[in-house]
Amino acid sequence: MVNLFAGLNPEQHRAVSTTEGPVLVLAGAGTGKTRVITVRIAYLLSEGVPPHQILAMTFTNKAAREMRERVKSIVGKKLAEKLTIGTFHAFCARTLREHAEQLGLQKTFSICDAPDQLTTVKTAMRELRISDASLHPSFANSRISLLKNKLITAKDLLESASDDKEELLARVYERYDDLLRRQCVVDFDDLLLLTGGLLKQNDGIRAAFRDRYRYVMVDEYQDTNGPQYEIVFNIAEEHKNLCVVGDDDQSIYGWRGADIEKILGFEKDFPGATVVRLETNYRSTGHILDAANKVIAHNTDRHPKTLRSAQRAGTPPEVVPCDDEIEEASHVVTDIGRAIRAQTAKPGDFAILYRTQLQPRPLEAQLRAEGIPYILVGGQSFFDRKEIRDVLAYVRLLANPDDEASLMRIINRPARGVGKGSVDKIIGLATLHGESAYAATRRALAEGVLKPLASKALEDLFQSLERYRQPEPTDDIVSRIGHLLDEVSYRTEVDRTYRDERARRDRWNGVLEIFDLAENYVTRATSPNLSEFLEKVALAQDDSTDEDPSKRNAVTLMTLHAAKGLEYPQVYLVGVEEGLLPHQASIEEGTLDEERRLMYVGITRAQRRLVISHAKSRSRFGTRNEAMKSRFLFEMTGESPPEDWRPAHPKRSEDLPGTRKTKVSSGSPKKKTQKKTARKKSAARKSSSKQSRR
DNA sequence: ACCAAAATGCTTTTT
DNA sequence: GCATTTTGGT
């Protein structure tokens, strides 16, 4: 075997070679963190540790894939495949399927995505007769998620509720969980929560996991939340062969329940832990790193550290003021276009980073106009499209008949004469008997309480579903899905709904892509089944993007959150304005530190060139708002703000909920019209962007 | 029960 | 500004 330690600096060497006992690696941005983890795994293997005893957890699929690839390139395919490397969520989904019985869960449970979660919250509220006015469904939804991530159960909340609103929320939470259980569905948070509970409560399973996974590694440890910590702790508590790697300065998931205290307090959890600091940055040139250091130094609650560049000073970051987001986009794109034409750079060298999903639009338009290839990362567009959700709902019903959200989605799509009346009757029965909507429909059919037309239609639908539910030996998943869609005439429905020829083709192509996905899955899986296929689909949203080799050499557009862990020769950081980069909502919540870390993450993605832009005004909700240069830019350059500069500040609670079409600012400079934004944080996601493939 | 027109609410970040 | 949801008419 080659010398694994070649090219490692002394700290990296120590992190790799300390295999026994707890290890905390504080790895600043660009200090070779991934390298350390992968070489460490290779080293463990070379020391004779069997691959199945090694468990490595990541937060994103991308990170997991990259880690496996890199280990593979060192130790070869055969060994690498026996390692357990995956996201927390994937690991948990697998564990839950293996041990479903212990939790009173069907092995075929489905995983509900964000829109389904919201639907379920709404159902819970409807059943409890709670109006949208007393509790916003999206607010309830995000709070429930956060509570789960903080290991607070509905019962806990009910007991500790200090006001009416909290009690209301607790009751919705409780009913929401009941509904999920009834549907045999778990949400993203349950995956972690139930696995944690399983390991904590079931001595046998815990012992088995401890015995099996002797060496545990966790990437991005600063993003660990309560349930994840519980899982890791329960597995590693005894043998203590736990190596966590992270950077408190890059903790940007606090809103999701990530607890920065976990990395700050690791030595308390595991006394005697070896602590390794990686502070030599191999990624960026000196000036860029200076800028990053200056910004992050304004945070107080952190492990103090300063990144040192291993490279020359390079060029300082450029700060470009623009009039509005259109000019900003055109500046960025012209800049990129010029470099590409001059052949000093290729499209793949560039990344354009932004805070929110509403920003990429003008950039996309410009890039397309200039004919520059680009990839839009994130923006869950594909799986949010109506026809995709329809088809997946059908597939989910095959795997799990009790999935109510899915049944309700397709019960009358294509239209088959099952109207509101019939649906209400079914829901009524389901609630009355505390059974799933599927069982309630069966009951309604047996009792003959539905209109003849609806009755006949549902008989047919159920017959089709049941026919393709059981795997025929000769039949694979793909043809089962195909036949089912055939029998319900889904193609006809698509043609009927979309008059425009192009739209029709587009939509149907989307459906065909599901078939591609399924085929792809079948060829890879050892024993293909619907539940596992759906699990892959639910847990892997970024799959389509980076596999496509034709898009390799393209400008990358993504949010700052999505950019963590990545690097590009040239980075454009756009929209660095008060209210946007310290985001308004964060200013209101007092989480400025996390916004600053986001800025820090953005800066440290750049290898040799960083261009930061901000606009004087930006259109939002169709109205134009004035914007101030972000405070972070003053922190970065050390300049002091000019006389007329005003930071964004928390908004008064009294606002005008009735006014939809607000007038464009009347031009009075003292009264700031800049802030008119949503006042609640919401987990709702929209299909705001399209064009993820082609 | 179905379709078109009108109102609504959304936009912080993701597994 | 947009897409989705609700409404009102047939």
Side-chain angles (χ1 to χ4, degrees), chain A residues 57-64 86-93 111-115 117 122 132 136-138 142 145 149 187-192 220 223 225 227-228 252-258 353-362 377-380 384-386 412 414-423 451 453-454 457 496-497 535 538-542 558-564 575 579-589 591 594-595 597-598 601-602 618-624 657-658 660-661 676-690:
Chain A
M57 309 264 230
T58 67
F59 284 79
T60 65
N61 296 300
K62 197 182 278 160
T87 64
F88 271 98
H89 288 85
F91 175 78
C92 290
I111 300 167
C112 81
D113 56 17
Q117 254 176 67
K122 283 181 183 162
D132 287 12
H136 278 276
S138 56
S142 60
S145 174
N149 284 323
D187 64 22
F188 281 109
D189 308 316
D190 286 336
L191 288 173
L192 307 174
E220 307 282 11
D223 293 331
N225 66 20
Q228 287 164 333
I252 53 177
Y253 286 101
W255 52 274
R256 208 170 77 185
L353 310 181
Y354 39 83
R355 174 72 238 256
T356 72
Q357 288 290 9
L358 92 163
Q359 291 166 267
R361 270 186 212 269
V377 175
Q380 267 200 309
D384 269 354
R385 287 164 59 171
K386 210 188 235 139
N412 199 34
R416 47 172 72 87
V418 182
K420 197 167 179 297
S422 311
V423 171
K451 292 221 178 94
L453 181 71
R496 203 185 51 82
T497 330
E535 178 182 309
L539 297 180
Q541 34 257 126
D542 50 274
M558 64 189 153
T559 64
L560 287 165
H561 284 85
K564 189 162 60 127
L580 197 54
L581 191 35
H583 195 275
Q584 184 64 36
S586 300
I587 292 167
E588 243 129 75
E589 285 161 29
T591 52
E594 187 153 309
E595 295 292 301
R597 282 181 225 125
L598 222 32
V601 166
R618 186 171 293 273
S619 139
R620 193 184 213 186
F621 281 155
T623 48
R624 190 144 284 288
R660 291 242 52 84
K661 282 271 140 70
K676 50 150 300 158
T677 65
R679 20 111 162 72
K680 65 191 187 295
K681 59 189 290 182
S682 133
R685 53 181 10 54
K686 298 271 89 167
S687 57
S688 52
S689 43
K690 62 270 205 80

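Values reported hereafter were calculated over all heavy atoms of this structure, with side chains retained and with hydrogens, waters and symmetry mates removed.
If you take CE of A:Met558 and C1' of B:dT13, they are 14 Å apart, rounded to a whole angstrom. Put simply, CG on A:Asn225 is 16 Å from P on B:dT14, counting in whole angstrom units. Computed from coordinates, the A:Lys386 NZ to C:dT5 P distance equals 7 Å when rounded to whole Å. At whole-Å resolution of the value, NZ in A:Lys451 and P in B:dA1 are 4 Å apart. Between A:Leu353 atom CG and B:dT12 atom C1' the separation is 15 Å, expressed in whole Å. Distance CG (A:Leu358) to C1' (B:dC10): 10 Å, rounded to an integer number of Å. Put simply, CZ on A:Arg256 is 9 Å from C1' on B:dT13, counting in whole angstrom units. One atom, CD of A:Glu589, and another, C1' of B:dT13, lie 11 Å apart when rounded to the nearest Å.
The pairing partner recorded for C:dT5 is B:dA6, the criterion being a Watson-Crick or G-U wobble arrangement whose two distances lie under 3.5 angstrom. A 3.5 Å limit on both hydrogen-bonding distances identifies no Watson-Crick or G-U partner for B:dT11. The base-pairing partner of B:dA1, taking Watson-Crick or G-U wobble contacts with both distances under 3.5 Å, is C:dT10.
Distance from the side chain of A:Ser586 is smallest for B:dT12 among the nucleotides B:dT12, B:dT13, B:dT15. Out of B:dT15, B:dT12, B:dT14, the shortest distance to the side chain of A:Arg355 is found at B:dT12. Side-chain atoms of A:Ala415 lie closest to B:dC2 of the nucleotides B:dC2, B:dT15, B:dT12. Taking every side-chain heavy atom of A:Ser138 into account, B:dC10 is the closest of B:dC10, B:dT13, B:dT15. Taking every side-chain heavy atom of A:His89 into account, B:dT15 is the closest of B:dT14, B:dT12, B:dT15.
The aromatic rings of A:Phe88 and A:Phe59 are tilted relative to each other, their planes meeting at an angle between 30° and 60°.
Residues A:Glu535 and A:Leu191 form no side-chain contact, since every pair of their non-hydrogen atoms from C-beta on lies 4.5 Å or further apart. When side chains are defined from C-beta on, A:Trp255 counts as touching A:Glu594, because their heavy atoms get closer than 4.5 Å. Here the side chains of A:Phe188 and A:Leu539 are in contact, with some heavy-atom distance below 4.5 Å.
The NZ atom of A:Lys564 sits 5.0 Å away from the CD1 atom of A:Ile252 when rounded to the nearest 0.5 Å.
Taking side-chain N and O atoms only, A:His561 has no distance below 4.0 Å to OP1 or OP2 of B:dT13. Remark: A:Asn412 is in phosphate contact with B:dC2, judged by side-chain N or O atoms under 4.0 Å from OP1 or OP2. Residue A:Thr559 places at least one side-chain N or O closer than 4.0 Å to OP1 or OP2 of B:dT14.
Summary of the strand contacts: A:Thr591 and A:Phe59 both lie near DNA chain B, and taking for each the nucleotide with the nearest heavy atom, the more 5' one is attributed to A:Thr591.
With centroids closer than 5.5 Å and planes inclined by less than 30 degrees as the test, A:Trp255 and the base of B:dT13 pass as a stacked pair.
Not a single donor-acceptor contact under 3.5 angstrom links the side-chain atoms of A:His583 to the base of B:dT12.
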